[in-house]
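Below you'll find the structure, written out as structure tokens, and then a few comments.
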Amino acid sequence: IFLYKLDYKGFNGEVIISSSDNSFDSSSHKFNSILKTDKSFKIKILLNEPRNKINQHEVSTGIINVVNLKNNKIIGSVPIKVINSSVQGPDNDNVEGSSHH
């Protein structure tokens, strides 16, 4: 019986989520054990971004939600923003070699 699921949305390319936690099923992104508030769990996220996005400042943005499958409520969220720091954008105004037009 699965208790929690990692649900993601908003990313441009393929998303692969894995975990060293034995209770995590990587194909369904579900945990079959209780996530205790005083414990942590590790996940690894692999984003396979489209080639036409990697030369932009903002490569991808998305969110990973931790969903309680008992009531389908989101109990935690991890927002993710991937930027190419060598391309000027609002996050890195002082990139060497960048110029304002």
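Quantities reported herein were computed from a predicted structural model and do not represent experimental measurements.
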ask   = Hey, mind stepping through V15 and L46 against side chain to side chain contact (heavy atoms under 4.5 Å, CB included) and telling me if it holds?
value = CA-CA 6 Å; V15 178; L46 177 65; over 6 Å; no
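- For N71, the CG atom sits in a packed shell: over 12 heavy atoms of surrounding residues, nucleotides or ligands are nearer than 6.0 Å.
- Relative ring orientation between F24 and H29 is described as parallel, the plane-to-plane angle staying below 30° on a 0-90° scale split at 30° and 60°.
- Taking each heavy atom of V59 and N84 in turn, the nearest pair found is CG2-N, 3.8 Å.
- Between N12 and P50, the shortest heavy-atom contact is CB-CD, 3.8 Å.
- With Y4 as the partner, the side-chain contact (heavy atoms from CB on, under 4.5 Å) test is satisfied by one option alone out of I75, L69, V67: I75.
- Between the CG atom of N32 and the CG atom of D21 there is a distance of 8.5 Å, given to the nearest 0.5 Å.
- Here D7 contributes atom CG and K30 contributes atom NZ; the two are 10.0 Å apart, rounded to the nearest 0.5 Å.
- Expressed to the nearest 0.5 Å, how far OG of S26 lies from CG of L6 amounts to 11.0 Å.
- Under a hydrophobic clustering in which Ile, Leu, Val, Met, Phe, Trp and Tyr are joined whenever their side-chain heavy atoms come within less than 4.5 Å, directly or via other members, I45 and I54 fall into the same cluster.
- Taking CD1 from I34 and CG from N68, the interatomic distance works out to 10.0 Å, rounded to the nearest 0.5 Å.
- To the nearest 0.5 angstrom, L47 atom CG is 6.5 Å from I80 atom CD1.
- Counting heavy atoms from C-beta outward, F11 and V82 have side chains that stay 4.5 Å or more apart.
- By the 4.5 Å heavy-atom criterion applied to side chains, I63 and K9 are counted as neighbours.
- Residues F31 and N22 form no side-chain contact, since every pair of their non-hydrogen atoms from C-beta on lies 4.5 Å or further apart.
- At distances below 3.5 Å, not a single donor-acceptor pair connects side-chain atoms of N65 with backbone N or O atoms of S77.
- Closest heavy-atom contact between Q88 and H57: O-CB, 3.5 Å.
- The two residues S19 and I43 have their closest heavy-atom pair at CB-CG2, 4.2 Å.
- Atoms CD1 and OH, on I16 and Y8 in that order, are 8.5 Å from each other to the nearest 0.5 Å.
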